[in-house]
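The structure appears right after this line, and notes come after that.
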Protein chains: 2
Amino acid sequence: MSEIESDAPPPRRPTMKDVAREAGVSTSAVSFALNNRPGVSDATRRRVIRVADRLGWRPSSAARALSGENAGAIGLVLARPADSLGGESFFLQLVSGIQASLAPRDQPLVFQMVEDVQAECELYRRWWAEGRVDGVIVVDPRVSDPRPETLAVLGLPAVVIGGMEAPGNPDAPQLPRRARLSNIWADDSGAMDLIVRHLYALGHRRIGHIAGTPGFAHTARRIASLRAAGRRLGLEQAVSVTTDFTDRQGAKAARRLFSAPAPPTALICDNEVMAVAAVSVAAERGLHIPRDVSVVSWEDSVICHTLHPQLTALVRKADEFGHRAAGELLALLDGGAPRQLQDPLPRLQPRESTGAPPA
Amino acid sequence: MSEIESDAPPPRRPTMKDVAREAGVSTSAVSFALNNRPGVSDATRRRVIRVADRLGWRPSSAARALSGENAGAIGLVLARPADSLGGESFFLQLVSGIQASLAPRDQPLVFQMVEDVQAECELYRRWWAEGRVDGVIVVDPRVSDPRPETLAVLGLPAVVIGGMEAPGNPDAPQLPRRARLSNIWADDSGAMDLIVRHLYALGHRRIGHIAGTPGFAHTARRIASLRAAGRRLGLEQAVSVTTDFTDRQGAKAARRLFSAPAPPTALICDNEVMAVAAVSVAAERGLHIPRDVSVVSWEDSVICHTLHPQLTALVRKADEFGHRAAGELLALLDGGAPRQLQDPLPRLQPRESTGAPPA
DNA sequence: GATCGCCACTAAACCGTGTTAGTAGGCGTC
DNA sequence: GACGCCTACTAACACGGTTTAGTGGCGATC
């Protein structure tokens with residue numbers, strides 16, 4: 001191990017100047033050669049590339065950002081209290097999918113967690129001013145969300161996922177035409193229909209819904225969809241209770257629903273953590289699943305099929321979602337036009353936690 | 001909404017030149033004023049700061065990185081297949097804790113997922129050459145891990161968490177003295193003792209261990225600790241089975257252990273996902289928990305206390321862990337000396353899944 | 001009253017790229 | 001053989017900061 005003991009000073013990173021000196025050309029020639037631009041002969045280009053390779057040269061992202069105006073990184077901000085995403089697998093899967101798009105382009109993901117949406121807007125402004133990211137992915141859209149407009153004003157390209165209203169919806173916020181915002185829209189209404197139809201077919205007429213955080217756009221959409229479906233099908237009951245996505249509030253909501261004079265015979269839970277909490281509350285009350293009450297989780301994850309009874313769940317692949325969103329952002333950065341896309345309708349995976357209601 | 005319809009071009013980010021012009025001084029004076037350096041009068045300093053504030057000036061991170069040599073960001077790489085961290089809450093908590101340290105300094109976290117440790121080393125080299133990060137946090141140390149040496153050679157400051165051997169251990173790799181590596185060492189042996197003593201006191205003499213990925217250093221330490229404890233206490237059985245941390249392999253390992261001629265009366269599972277899987281396999285075999293078999297989860301998370309029976313778990317706060325690691329890295333970046341720290345011993349939270357073994 | 005020193009500030013160089021303008025040299029053309 | 005054109009390259013500048021080396025003005029000192 002003597003070469004380790006020798007304790008060499010850390011190497012200096014090679015620059016274009018080093019490559020130029022070694023190859024016997026100017027730095028401009030090096031720049032042309034390495035960026036596949038005309039202006040150098042093929043022989044020189046090959047020689048330069050070989051030298052750069054040998055020295056282990058990489059473009060300084062800082063220098064690139066300074067001259068080229070693009071940071072070579074994209075941003076993701078999470079504005080949820082850390083404990084509210086305790087057991088949720090959604091975000092890790094999402095990030096994993098985002099990486100899948102970014103990896104081939106060697107674009108890192110800059111990630112930060114903040115307190116609330118105001119702080120998030122502030123962070124976007126800072127990132128923009130600092131030139132840290134070329135674009136961002138916006139998650140958890142809110143009912144009246146300041147972020148799209150903030151991003152539009154800054155001219156920072158972004159993809160809003162799971163969010164905003166359907167194209168043509170009059171409620172959709174008016175944004176500057178120059179705004180470079182794409183939108184991957186999740187069909188919460190269609191998904192809710194899938195679930196409700198499943199439960200209706202089993203015979204359920206009283207459905208409870210343990211929803212997510214009140215201000216979230218998809219929470220509002222799901223609540224509205226359930227009520228609409230309830231009216232359409234003539235359900236006796238279609239009631240939603242909002243929470244903060246934690247097991248604690250999920251359990252509290254379940255207790256409240258179970259304590260009603262005519263409790264629901266089926267529960268729809270907006271994430272798997274609250275679904276497990278609901279199952280737990282049912283057990284605590286001596287209710288058998290699915291004989292006494294059915295439970296559906298709006299999100300599939302390991303525990304949904306590891307647990308007994310296995311949970312009927314809405315399967316939407318968070319990683320593919322992230323993959324697509326990041327791809328869309330890259331397209332936007334490459335000069336593509338903003339688009340309004342719809343995420344494919346998730347699949348409902350029936351398992352052991354749903355069955356016919358008690359007679 | 002006419003001011004939105006007016007469709008203004010996106011603003012240009014203000015630079016020091018703008019501040020200088022507005023304040024009627026040179027850019028050098030602005031630099032001095034904003035960095036609290038001598039060279040300007042108090043009156044000028046105040047004026048410059050006020051102007052910069054009014055214009056919303058922020059230093060370009062790229063320009064800073066180019067002249068100041070530091071990127072103003074730290075890196076985190078995860079070298080695990082995405083599906084292996086499906087339900088684990090550890091990483092999200094860890095990242096959340098890291099953010100807590102970084103937020104006051106406005107340092108973003110650069111995050112990337114890769115295939116394996118080789119790719120991770122390659123990424124470190126690239127990040128170093130690109131000047132993207134000032135330091136990194138290394139997780140999941142392996143038995144013979146190439147990363148510390150890679151980082152040492154590059155001179156990239158790093159904090160290795162959960163890792164390496166205890167100070168003074170002869171197996172610890174020899175690194176260049178100039179290496180700027182701190183180390184937060186987890187006392188897996190002490191933690192294993194906590195669990196084994198708990199089970200021993202309940203009367204268990206045959207203990208099975210569903211361990212993590214074979215190459216991981218903490219997996220090796222836990223296996224060795226269990227065997228040592230077994231010898232010390234004169235256990236009949238103390239057997240470990242390695243997995244890849246997924247529910248699938250956890251279940252497979254549980255089946256294998258249960259199928260032995262003299263199956264263990266207690267299982268220690270290296271994460272909560274596998275603990276749930278083990279519980280599920282037990283149920284599938286008609287084994288009651290904890291009457292027929294006890295289960296301990298080496299990691300606490302929402303499901304551990306939402307599930308029934310609630311799982312006895314080792315509680316180590318991943319967010320505090322991350323907080324501390326990031327703090328240590330920042331200290332290192334500020335010129336502090338590398339340190340060897342020990343993480344506080346986790347607490348064992350007895351719940352419903354452990355009890356006396358069958359007679 | 002000339003000299004010195006200090007203060008507050010400016011000019012200029014630098015970091016590592018990308019880009020644009022400019023130039024030397026070879027070749028074909030009339 | 002003078003001219004123009006094309007190729008292959010170099011010089012110079014820009015990006016937005018930091019830092020070093022000046023510089024002019026003013027008060028104190030002998």
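Naming: A, B, ... by sequence-line order, numbering from 1 per chain.
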Atom-to-atom span, CG of A:L55 to C1' of C:dG16 - whole angstrom: 15 Å
Test side-chain contact (heavy atoms from CB on, under 4.5 Å) applied to A:E115 - qualifying residues, sequence neighbours left out: none
For atom CZ of A:R21 and atom C1' of D:dT10, their distance in whole Å: 17 Å
Over all atoms of both residues, closest heavy-atom pair of A:A325 and A:I161: CB-CG2, 3.5 Å
Steps toward salt bridge (charged side-chain N to carboxylate O under 4.0 Å, His left out) verdict (B:R180, B:E328): CA-CA 11 Å; B:R180 295 172 60 192; B:E328 202 54 33; over 6 Å; no
Interatomic distance, A:L34 CG vs C:dG16 P [rounded to whole Å]: 16 Å
Inter-axis angle, terminal five-pair segments of the helix from C:dG1-D:dC30 to C:dC30-D:dG1 [nearest 10°]: 70°
With sequence neighbours excluded, residues passing salt bridge (Lys or Arg N to Asp or Glu O under 4.0 Å) with A:R47: none
Partner set under side-chain contact (heavy atoms from CB on, under 4.5 Å) for A:A103, not counting sequence neighbours: none
Any pair counted as salt bridge (Lys or Arg N to Asp or Glu O under 4.0 Å), so long as it reaches residues 23-39 of chain B, sequence neighbours left out: none
Polar side-chain atom of A:R147 near backbone of A:V139 as donor-acceptor pair, under 3.5 Å: yes
Under-4.0 Å side-chain N/O to phosphate OP1/OP2 contact, B:R13 with D:dG17: yes
A:D319 (side chain) donor-acceptor with A:L94 (main chain) under 3.5 angstrom: no
Under 4.0 angstrom between A:S26 side-chain N/O and D:dT10 OP1 or OP2: yes
A:R132: partners by salt bridge (Lys or Arg N to Asp or Glu O under 4.0 Å), with sequence neighbours left out: A:E130
Distance test, side-chain N/O of A:K17 to OP1/OP2 of C:dT17, below 4.0 Å: no
B:D334: partners by salt bridge (Lys or Arg N to Asp or Glu O under 4.0 Å), with sequence neighbours left out: B:R105
Exam field: side chain A:R50 to backbone A:R45, donor-acceptor pair closer than 3.5 Å: no
Heavy-atom protein contacts under 4.0 Å, nucleotides 18-25 of chain D, coded B base, S sugar-phosphate only, - none: BBB-----
Stretch residues 38-46 of chain B: residues that reach within less than 4.0 Å of DNA chain D through a heavy atom: none
Sugar-phosphate, base or nothing in reach of A:T15, heavy atoms under 4.0 Å: sugar-phosphate
Partner set under side-chain contact (heavy atoms from CB on, under 4.5 Å) for A:A331, not counting sequence neighbours: none
A:L66 CG - D:dA14 P separation (whole Å): 13 Å
Tabulate atom names and distances for all N/O pairs under 3.5 angstrom spanning the protein and nucleotides 4-6 of chain C.
none

Summary of salt bridge (Lys or Arg N to Asp or Glu O under 4.0 Å) pairs that have at least one residue in residues 16-28 of chain B, sequence neighbours excluded: B:R12-B:D18, B:D18-B:R21, B:E22-B:R54
